[in-house]
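What follows is a short report on a single structure.
Numbering starts at 1 and runs along the sequence shown.
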Amino acid sequence: MLKIDELKQNILQAATHLATRIRSTEGQADAFKQLVPIYLQRNEVDFAASLADTLKDPFARDQLLMEIAERCAAINDDDYALQLAEAIEDDSINLQALEKIAVRKISLGQVDKALQIADSLEHPDNIYSELALYLTQQGALSDAKEITQRIYLPTIKAATQLQMAIILLEQSQIEDASSLIDEALQTSSEIDYKIDEIKTLIEIGNTLIRAEVFDKAIKTLDRARQETIKLDDVAKESLLSAISTSFLESGNIELADETLDLISDKTIIASTLSSFANILWKKNQQGEAIDSLTEAFQILKSQTNSEIRSSSLRFQVFRIIATQFAAIGDFEKAIMIAESIEDDGELQLALTHIAKAFAAQGKDSLAEEVIKMISEDDVRMFALIELADAKISLGLNDSASNYLQKAAELTDSVFQPFSRSEACLAIAERLIALNQQDLASKLFQESIENAAEIRDETLRVISLIRSAQLCEKYNLALSEDSQNKLREIIVKSETQG
């Protein structure tokens with residue numbers, strides 16, 4: 001056991017020590033899920049496994065052992081990977097672990113090892129699926145097709161054939177792709193569960209649209225529509241929405257509208273029209289796109305209380321429509337629609353997305369006006385970080401730096417120390433990328449100070465683990481004040497234990 005004065009000098013070791021002392025079984029599992037990946041990045045698989053073995057929650061232990069086993073396979077420590085998989089008690093997680101090991105072997109080109117694992121399993125469909133995709137990517141199409149014949153479940157088989165077709169389309173092998181789409185269509189008729197069959201048909205239709213085989217796409221989508229109409233299931237209208245949108249993508253507006261007319265839930269109608277707007281905008285039909293968005297809002301607004309099946313979904317659609325109006329530069333409509341949202345969380349999220357859309361368009365004054373409308377300091381702080389991300393993606397680093405500094409200025413006004421710590425780390429990482437090391441280092445140290453104020457021991461440790469992740473990634477140094485804070489946290493943990 002390292003002494004406290006040694007632990008305080010290494011934030012990862014300190015966080016690890018504190019994680020092992022968390023009293024809550026669930027809390028310790030949550031902390032370990034954050035901690036173990038750091039050791040896997042360092043290829044310290046033995047230590048990671050020893051940590052996992054100390055967990056009292058058997059499900060969490062098995063999940064971590066699966067993750068460690070996959071990492072072992074990635075670094076070609078195959079015997080240990082299989083040993084860890086064997087130690088997993090839950091049968092379903094054991095199967096997932098073996099699948100992950102096999103898939104990792106496939107990604108490394110070690111097909112024989114993957115097949116050995118597949119041969120040992122009763123249901124190796126997922127492994128065969130990944131292998132078929134890998135072989136298709138490598139140009140071994142006949143071998144890939146042979147592998148698909150080993151897949152037992154038609155849902156997995158059809159999905160694999162479709163993904164193979166997409167790979168071939170990307171390689172401009174149109175004839176072979178078309179042949180595989182036909183095979184997927186044939187396989188889809190073998191699917192017993194009707195909803196899975198319909199979803200597969202929709203995916204096949206979308207792939208045909210991508211291949212610009214529009215007549216066959218429309219025929220396939222119409223088959224999906226006819227099967228959906230027969231359903232007596234809560235998923236019926238969501239499926240009709242997807243089919244209607246795909247019809248529009250194919251260029252058949254008449255069938256898109258006919259299918260839309262089959263939907264009765266106004267929230268789903270509005271959501272579908274919102275999707276129409278995206279497609280129409282991409283087709284350079286801006287007027288029609290705006291009409292679709294306007295109609296979507298009007299339909300949603302007209303809902304009576306008795307017609308609302310899901311308030312949360314309805315608020316989400318309001319947010320999406322508001323963001324779409326922001327994306328086309330209509331400030332007034334975006335704000336007007338956002339203010340229709342009666343759920344505070346969705347409203348704050350909508351304002352964040354609207355501000356980000358305007359920042360991406362270079363309309364910084366409008367973005368900042370929206371930011372001021374966000375009532376909670378912590379939401380405003382994270383929104384400013386998102387605005388910085390928008391600027392970074394455009395290469396506008398000075399503007400990004402300005403937003404990050406504004407976010408940093410808000411950290412002191414945020415009540416929850418966990419949120420403060422999270423924000424400090426998020427801002428620091430972006431500042432490092434912008435070569436502003438001094439401010440980044442200051443915020444990193446502040447994240448540790450904030451962690452010391454967190455009362456919940458699990459959140460306190462998770463905060464330190466995330467600080468450790470940043471420290472590991474960028475080789476950051478701990479200041480003397482940070483070391484003293486760490487010492488304070490460790491001593492408090494020892495006395496509470």
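- Note on K372 versus E369: no salt bridge recorded, every NZ/NE/NH1/NH2 to OD/OE distance being 4.0 Å or above.
- Proximity of a side-chain donor or acceptor of Q445 to a complementary backbone N or O of S479 within less than 3.5 Å is detected.
- Within 6.0 Å of the CD atom in Q9, the count of heavy atoms belonging to other residues, nucleotides or ligands exceeds 12.
- A salt bridge links E494 to R21: at least one charged side-chain nitrogen sits closer than 4.0 Å to a carboxylate oxygen.
- In this structure, E346 contributes its side chain and I341 its backbone to no donor-acceptor pair below 3.5 Å.
- For the residue pair T16/Y39, the side-chain donor-acceptor check at 3.5 Å is satisfied.
- Using a 4.0 Å cut-off between charged nitrogen and carboxylate oxygen, D196 and K199 do not count as a salt-bridge pair.
- Using a cutoff of 4.0 Å between basic side-chain nitrogens and carboxylate oxygens, K282 and E249 are not scored as salt-bridged.
- Remark: E26 CD is loosely packed, at most 12 non-hydrogen atoms of other residues, nucleotides or ligands lying under 6.0 Å away.
- Between K100 and E130 no salt bridge is recorded (no basic side-chain N to carboxylate O distance below 4.0 Å).
- Here E67 does not pair with K33 in a salt bridge; the nearest charged N to carboxylate O distance is not below 4.0 Å.
- At a cut-off of 3.5 Å, with distance as the only test, a side-chain donor of S92 or D90 sits close to an acceptor on the other residue.
- Within a 6.0 Å radius of NZ in K56, other residues, nucleotides and ligands contribute 12 heavy atoms or fewer.
- Using a cutoff of 4.0 Å between basic side-chain nitrogens and carboxylate oxygens, R420 and D412 are not scored as salt-bridged.
- K363 NZ: more than 12 foreign heavy atoms inside a 6.0 Å radius.
- K473 and E429 are joined by a salt bridge, as a carboxylate oxygen and a charged side-chain nitrogen come within less than 4.0 angstrom of each other.
- T25 and D57 share no donor-acceptor pair across their side chains, judged by distance under 3.5 Å alone.
- Contact check on E70 versus R104 returns a salt bridge, with a Lys/Arg side-chain nitrogen under 4.0 Å from an Asp/Glu carboxylate oxygen.
- Put simply, the side chain of Q286 never gets that close to the backbone of I328: no donor and acceptor are under 3.5 Å apart.
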